[in-house]
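Beneath this line is the structure, given in structure tokens, with notes to follow.
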Amino acid sequence: MVIKALLVVLIELMVCYLLGLFINKCILKRESNIIDSTLIGFFAYQIMCQVMTLACYFTTGVVHQLSYRWAVVVVGFSILSIIVCKKNLKMDAQCVWQTISEEKVTYGVMFLIVAAFCYYVAINGETNADSQYYIALVNTTAATDTIYKFNPYNGFESDAFFLRRALASFEGHSAILCQLSGLHALIITRITRAVQNVIMTSGAVYLWGQSLFAKESDNKNKKICALVGVYLVLQMVFACNYYTNAAFFLQRAYEGKAFAANVVLLYVLYLSWQFVCAKDKKQLLVIGIVLWGSVALSSSAMFLVPAAAVIVIIPDVVLELWENKGRKRCRE
């Protein structure tokens with residue numbers, strides 16, 4: 001079961017990468033690396049699932065039908081990406097191989113640290129009333145073969161339309177994985193989702209490292225890998241102590257909220273900073289994809305993620321307008 005759960009993680013990451021590569025090369029027409037493509041693909045992946053889940057929610061409401069259709073769509077997009085981006089796949093593979101081969105020990109240590117945290121969150125995730133609800137929701141959805149029709153607490157059928165739950169389709173997606181893989185909801189949530197969260201969080205920190213140490217000539221890769229390791233260690237050390245209770249971080253890595261707290265916040269802040277530095281309007285489209293995809297992860301992200309982007313972008317826009325106004329006055 002553990003091997004199966006980890007294979008699901010690997011397959012999902014590969015699908016996200018292929019989808020992100022297609023978006024970068026064919027839609028945005030911009031250069032990207034494997035981590036950036038995987039993260040963009042992850043949010044596009046959530047958007048696709050949200051749209052298909054909503055369509056199923058208002059029609060048949062049968063999960064196994066949604067699962068088969070979802071599998072067909074994902075395989076179709078993956079094949080299309082491989083055909084269209086064949087050259088880019090080879091280039092990315094060569095780039096990754098060359099980077100790792102130059103710093104084998106450094107990347108080996110980083111991979112061991114990430115693997116250790118994957119193991120830790122898979123067996124030590126926090127369990128309380130809130131987190132038990134989400135695991136029960138995935139299990140109820142998969143077991144009853146219906147989308148959010150039964151209350152996971154008491155088993156009662158509900159006829160009311162729950163907009164917040166319908167938009168945040170992340171648990172529905174986990175139920176689809178349960179049906180396709182044959183794994184129990186506990187395995188998908190506590191292993192597949194938790195491991196995926198740690199890996200993608202590490203990827204987002206790695207992107208920040210590339211940006212922070214872009215001008216470094218010596219030991220650049222070592223500094224980036226060290227940043228990933230230090231971030232994970234400090235996050236776990238200060239996740240739950242007397243002074244703070246940041247329980248939505250790696251302690252509850254399998255929830256949509258935890259993905260929002262880890263992956264989404266880091267990535268949207270990174271994208272916003274890149275936009276401020278480069279003023280590339282395509283970056284705004286990527287931010288838009290992330291904002292939409294984050295809605296499918298958690299209802300909390302609907303407010304949290306736009307606020308994070310605004311905090312970075314708006315001051316720069318205001319400052320630029322102020323400077324332009326000053327230049328205009330000088331000319332007059």
Side-chain angles (χ1 to χ4, degrees), residues 9 13 16-17 20-21 24 30-43 88 91-121 194-239 241 244 246 249-251 253 258-280 283 286-287 290 308-309 311-313 315-316:
V9 177
L13 290 175
C16 290
Y17 165 65
L21 184 65
N24 274 324
R30 65 170 196 161
E31 294 298 322
S32 66
N33 56 41
I34 188 171
I35 297 175
D36 187 56
S37 294
T38 302
L39 288 172
I40 294 175
F42 173 75
F43 293 103
N88 301 109
M91 290 173 60
D92 283 351
Q94 290 173 357
C95 182
V96 170
W97 177 256
Q98 183 179 354
T99 304
I100 294 176
S101 61
E102 290 174 355
E103 296 281 355
K104 291 180 182 178
V105 176
T106 301
Y107 281 95
V109 172
M110 186 191 72
F111 291 150
L112 287 175
I113 293 173
V114 173
F117 275 90
C118 288
Y119 175 76
Y120 180 86
V121 298
V195 170
Q196 184 185 35
N197 194 325
V198 174
I199 293 173
M200 298 189 72
T201 299
S202 303
V205 177
Y206 192 91
L207 285 179
W208 267 110
Q210 285 186 325
S211 178
L212 292 172
F213 305 120
K215 296 180 180 179
E216 296 285 335
S217 56
D218 298 327
N219 300 321
K220 176 182 175 180
N221 291 331
K222 290 181 180 178
K223 292 178 181 179
I224 295 173
C225 292
L227 178 66
V228 174
V230 169
Y231 179 89
L232 291 175
V233 171
L234 290 179
Q235 193 199 68
M236 190 58 67
V237 168
F238 294 105
N241 57 35
T244 180
F249 287 89
L250 291 181
Q251 291 297 102
F259 276 82
N262 289 293
V263 184
V264 185
L265 273 181
L266 283 172
Y267 189 51
V268 79
L269 288 172
Y270 168 80
L271 292 173
S272 301
W273 178 248
Q274 292 297 311
F275 171 75
V276 168
C277 294
K279 296 295 187 298
D280 184 2
Q283 206 75 351
V286 179
I287 293 173
V290 174
I311 287 171
V312 178
I313 295 175
D316 179 72

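Quick caveat, the model's predicted, so the values are computed rather than measured.
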* Pairwise side-chain contact, Trp208 with Leu269, heavy-atom cut-off 4.5 Å (strictly under) -> yes
* Structure fact -> Heavy atoms of Asn24 and Ser32 approach each other most closely as ND2-OG, 3.0 Å
* Quick one: does Asn33's side chain get under 4.5 Å of Asp92's, heavy atoms only? -> no
* For side chain to side chain contact (heavy atoms under 4.5 Å, CB included), just list the numbers for Asn262 and Gln235, CA-CA rounded to whole Å, side-chain angles, deciding distance to a tenth of an Å, and then say yes or no. => CA-CA 10 Å; Asn262 289 293; Gln235 193 199 68; 2.7 Å; yes
* Asked: Do you know the tightest heavy-atom contact between Val121 and Ala253?
  -> CB-CB, 4.4 Å
* Structure fact -> Residues Ser272 and Ala309: closest non-hydrogen pair is OG-CA, 3.5 Å
* Kindly compute the distance separating CG (Leu39) from CE (Met200), expressed to the nearest 0.5 Å. => 4.5 Å
* Asked: Val286 and Phe43: side chain to side chain contact (heavy atoms under 4.5 Å, CB included), yes or no, with the steps?
  -> CA-CA 10 Å; Val286 179; Phe43 293 103; over 6 Å; no
* Ser37 (side chain) donor-acceptor with Ile34 (main chain) under 3.5 angstrom -> no
* Hey, could you give me the NZ/CD distance between Lys220 and Glu103, rounded to the nearest 0.5 Å? => 11.5 Å
* Separation between CG of Leu227 and OH of Tyr206, rounded to the nearest 0.5 Å -> 11.0 Å
* Asked: Between Asp36 and Tyr267, do the side chains contain an N or O donor and an N or O acceptor separated by less than 3.5 Å?
  -> yes
* Structure fact -> In short, Asn221 meets Thr106 closest at the heavy-atom pair O-CG2, 4.0 Å
* **Value rounded to 0.5 Å, distance of NZ in Lys279 from CG in Asp316** => 3.5 Å
* To do: Find the distance between CG (Leu207) and OG (Ser202) and round it off to the nearest 0.5 Å.
  => 11.0 Å
* **Where Ser211 and Gln274 come nearest, the two heavy atoms and their spacing** => OG-NE2, 3.1 Å
* Evaluate the side chain to side chain contact (heavy atoms under 4.5 Å, CB included) criterion for residues Ile100 and Phe111: first the C-alpha distance (whole Å), next the side-chain angles of each, then the deciding distance (0.1 Å), finally the verdict. => CA-CA 11 Å; Ile100 294 176; Phe111 291 150; 4.1 Å; yes
* **Pairwise side-chain contact, Tyr231 with Thr201, heavy-atom cut-off 4.5 Å (strictly under)** => yes
* **Check: Val233 and Phe117 side chains under 4.5 Å, non-hydrogen atoms** => yes
* Structure fact -> Nearest heavy-atom approach of Val195 to Cys118 is CG1-SG, 3.7 Å
* Structure fact -> The reported gap from CG in Leu232 to CG in Leu234 (rounded to nearest 0.5 angstrom) is 9.5 Å
